[in-house]
Amino acid sequence: MRATEERITDWSQQGRLAELDAQFARMLVRLHPDMSEAAALSAGLVSRALTEGHTSLPLSRLEQELSPEYRISRVELKRSLLTSGAAVADSEAAQHPAPLVLDGEGSLSLLRWHLAESRIAKGLLQRAEGLSAVDIEQARTLLSRLFPLSPDADSTPDLQKCAAALALCKPLLILCGGPGTGKTWTLVRILALLTALSKSTQPLRIALAAPTGRAAMRLGESIREAASTLPPDFAVDALPVPQTLHRLLGYQPASGAFRRNADNPLAADLVVVDEASMVDSALLDALLCALPTECRLILCGDPGQLPPVAPGSLLHALEAGADNKTGSGYSPELHAVLQELCGSDAPAQAGSQSGRLEDCRIQLRRARRFDRKSGIAALAAALQESRPAAALKRALAQDWPDIQWFNHAEAGIRLPALMLDLFAPLYQAESATAALEIFAAGRVLCALREGPWGVSGLNALCQNLLRRHDLIPARQDWYQGLPVLIQHNDAVRNLYNGDTGLFWPDDSGTLKTWFAAEEGLRGFPPANLPFWLPAWAMTVHKSQGAEFGTVVLVLPESGDSALLGRDLLYTAITRAKRRLVIVAEPEMLHRIASRRQVRHSALESLLMRKSGV
């Protein structure tokens with residue numbers, strides 16, 4: 001046992017385990033003296049993996065991490081783990097809880113995450129089973145009015161109409177699509193459809209939520225805009241204000257628990273979650289536990305975006321196991337109902353299985369926001385191809401009116417001019433409202449936090465630039481027009497990690513920090529804010545859930561960080577609505593496009609096993 005603890009300490013000193021992970025491994029060794037060194041170190045590695053977003057590690061990854069000190073095969077490692085006393089349970093035959101669980105697919109998880117993802121799989125699949133009763137005639141009439149045939153429509157199925165029909169047929173809808181494919185437009189029509197069909201019984205209780213405050217506010221703005229395109233007699237005026245999932249579930253900071261749970265479920269008939277790619281496993285588990293049995297759930301998002309900051313990756317897990325990505329392989333029972341509801345707009349063929357999670361999933365593919373001259377749309381589409389680096393290279397070789405691309409040598413001259421164009425108007429605004437609108441129009445996004453091409457370096461560059469042009473005071477830390485990015489959640493003040501605000505005097509001349517909200521601006525004394533940083537530049541991760549007219553994406557000159565993958569590149573590109581500027585070396589850009597961030601999770605295999613696939 002002492003030799004094992006010494007090896008754990010060695011790994012901690014080498015930086016291969018954080019001290020918290022090392023302490024966890026030592027605790028298991030003391031409680032279970034029969035654990036081998038390989039099993040104890042595997043426990044530490046699984047604990048460390050949580051900081052990288054993994055909820056489990058496959059034996060192949062553990063075997064790689066343990067070599068070359070331990071020349072141990074996966075079979076031997078599995079045997080070593082399962083002979084570690086009560087420290088490791090075989091999920092197929094476990095009689096008692098254990099700190100670690102080895103599942104049937106050969107992945108090792110901490111018990112908490114194994115139980116959470118088991119509940120997620122069970123909760124999703126329960127809502128995926130069977131078909132809801134539908135008044136075919138009434139629903140078909142409403143669908144025809146909400147989704148009229150477009151004069152320029154081609155012969156392909158109207159997947160937006162299919163998505164609405166699917167929302168009627170299944171208690172779970174997973175609505176996926178890239179930028180500009182009309183997810184919110186479709187979502188508003190689904191809400192109008194379900195509201196109209198419920199009028200004869202009782203009002204539909206709807207909850208709208210997103211993972212972050214910024215994403216929730218943007219969802220509200222998008223819904224109001226899309227609702228204005230509905231036929232006059234379809235009203236969604238009574239929709240609630242979107243809120244964060246934490247607020248919806250009643251998060252209790254002191255205990256880390258939620259007021260809403262299985263014993264105190266949400267008072268809702270339909271819950272809509274936007275930006276579902278940002279929802280981590282722990283939050284999704286809490287949401288599913290709080291849903292009433294008959295409550296419908298719509299998860300809306302873009303699988304191509306970055307996974308959550310916290311462990312887990314729902315949309316990636318669903319995408320990895322899905323064979324029905326275009327709406328063309330639904331089960332025969334569902335396909336027959338869709339044909340009745342949608343007619344020629346229904347998918348052309350049925351699949352061979354029933355009761356699958358894929359029956360609840362649809363991917364919108366037609367980009368409606370961008371025209372054929374949009375380089376932003378072309379770059380986003382290139383990153384979704386089977387050979388993204390080559391596709392991106394071809395796309396960037398063309399001359400696009402909305403794309404600029406230059407390297408770091410040119411950035412010394414061109415980047416300051418870009419920053420002045422974006423941010424100088426802030427300091428000429430007449431009010432906080434006008435300044436926030438200007439600030440929302442453009443942003444500098446970085447792949448990394450530190451370094452000259454990271455957030456810290458570019459925020460310093462921007463501040464010095466503004467001072468040289470006498471736009472901000474030379475020796476003040478707080479001043480009118482300073483943009484801020486909140487770094488920590490503050491449930492009391494309803495400020496959350498990722499919220500952006502702006503310093504601006506109130507009517508009496510007192511400097512406050514103003515944040516946009518559904519009800520108007522909210523102002524706080526700067527000293528009362530949770531920890532914040534200047535926000536001319538921000539990481540791509542922090543930009544999720546937001547859109548900007550202009551995005552300046554700055555990538556590092558070199559490096560091989562695990563964070564640099566095409567999920568990050570895709571997320572950054574799709575934050576831009578009208579103009580994208582990329583600062584990058586060609587080799588770095590193509591290397592990032594070639595790599596996708598991998599999240600190890602047992603959820604995919606749990607979904608497949610529990611559904612019998």
Side-chain angles (χ1 to χ4, degrees), residues 375-376 379 389 392-393 395-428 438-439 441-477 479 481-485 500 533-543 548-561 563-566 568-573 575-593:
I376 296 171
L379 264 58
L392 183 68
K393 185 176 181 179
L396 285 170
Q398 301 182 50
D399 186 18
W400 301 103
D402 55 346
I403 299 287
Q404 289 175 268
W405 175 29
F406 51 85
N407 60 25
H408 294 82
E410 297 177 82
I413 297 174
R414 301 180 67 174
L415 193 54
L418 279 169
M419 286 181 163
L420 280 176
D421 285 344
L422 284 179
F423 302 123
L426 268 178
Y427 306 95
Q428 299 157 3
I438 293 168
F439 185 56
R443 203 64 47 88
V444 177
L445 301 184
C446 307
L448 304 176
R449 292 189 184 92
E450 304 300 329
W453 304 109
V455 170
S456 60
L458 291 177
N459 272 328
L461 172 65
C462 189
Q463 181 169 260
N464 292 334
L465 182 68
L466 295 170
R467 281 178 173 158
R468 287 201 304 270
H469 285 78
D470 296 323
L471 293 170
I472 61 176
R475 292 182 176 85
Q476 289 184 24
D477 293 327
Y479 44 83
L482 173 63
V484 301
L485 178 69
T500 52
L533 293 173
W536 298 289
M538 63 196 300
T539 63
V540 177
H541 281 82
K542 294 284 189 181
S543 74
F548 310 102
T550 297
V551 164
V552 179
L553 171 61
V554 182
L555 298 176
E557 284 186 274
S558 60
D560 199 32
S561 169
L563 297 174
L564 301 177
R566 72 173 174 272
L568 180 140
L569 193 55
Y570 176 88
T571 301
I573 287 170
R575 298 311 89 205
K577 293 197 292 186
R578 291 183 293 277
R579 182 188 180 203
L580 173 67
V581 180
I582 301 175
V583 180
E585 304 301 320
E587 300 82 3
M588 191 66 175
L589 194 60
H590 299 147
R591 188 191 314 163
I592 292 173

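This one's a predicted model, so the numbers in the text were calculated from it and none came from an experiment.
Shown here for Pro473 and Arg467, the closest heavy-atom pair between the two residues is O-NE, 2.9 Å. Across all non-hydrogen atoms, the minimal contact from Pro416 to Ala411 is CD-O, 3.4 Å. Between Leu392 and Ala593, the closest heavy-atom pair is CD2-CB, 3.8 Å. Contact record, Leu482 with Asp477: CD2-O, 3.5 Å, taken as the closest heavy-atom pair. Nearest heavy atoms, Leu568 versus Ala447: CD2-CB, 4.0 Å. What you find for Leu485 and Met538 is that their closest heavy atoms are CD1-CE, 3.9 Å.
To the nearest 0.5 Å, atom CE of residue Met588 and atom OG of residue Ser558 are 6.5 Å apart. Between atom CD1 of residue Ile582 and atom CG of residue Leu379 there is a gap of 5.5 Å, rounded to the nearest 0.5 Å. In this structure, CH2 on Trp536 lies 9.0 Å from CZ on Phe439, to the nearest 0.5 angstrom. Note that CG of Leu420 and CG of Leu466 are 6.5 Å apart. Values are rounded to the nearest 0.5 Å. Here the CG-CD distance, from Asn407 to Glu557, works out to 8.5 Å after rounding to the nearest 0.5 Å. In this structure, Leu448 CG and Leu555 CG are separated by 8.5 Å, a value rounded to the nearest 0.5 Å.
Within 6.0 Å of atom CZ in Arg449, 12 or fewer heavy atoms from other residues, nucleotides or ligands are found, so the atom counts as exposed in its surroundings.
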Tell me, with the steps shown, if Leu589 and Leu396 meet side-chain contact (heavy atoms from CB on, under 4.5 Å). CA-CA 11 Å; Leu589 194 60; Leu396 285 170; 3.3 Å; yes
Please test Leu458 against Met419 for side-chain contact (heavy atoms from CB on, under 4.5 Å), starting from the C-alpha separation and ending with a verdict. CA-CA 10 Å; Leu458 291 177; Met419 286 181 163; 4.0 Å; yes
Check against side-chain contact (heavy atoms from CB on, under 4.5 Å), Val554 and Val444: CA-CA 7 Å; Val554 182; Val444 177; 4.1 Å; yes
Under the criterion side-chain contact (heavy atoms from CB on, under 4.5 Å), I'd like the reasoning laid out for Leu569 against Leu553: C-alpha separation, chi angles, the key distance, then a yes or no. CA-CA 9 Å; Leu569 193 55; Leu553 171 61; 3.7 Å; yes
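With a 4.5 Å cut-off on side-chain heavy atoms, Arg443 and Thr500 count as touching. For the pair Cys446 and Trp453, the minimum side-chain heavy-atom distance is 4.5 Å or more. A 4.5 Å side-chain heavy-atom check between Val551 and Val581 finds every atom pair outside the cut-off. The shortest distance between side-chain heavy atoms of Leu533 and Asn459 does not fall below 4.5 Å.
Listed for the Glu585 side chain is a donor-acceptor partner under 3.5 Å among the backbone atoms of His408. Listed for the Arg414 side chain is no donor-acceptor partner under 3.5 Å among the backbone atoms of Phe406. Side-chain N or O atoms of Tyr427 include none that pairs as donor or acceptor with a backbone N or O of Ile472 at under 3.5 Å. Panel note: side chain Trp405, backbone Leu580; no donor-acceptor pair is recorded below 3.5 Å.
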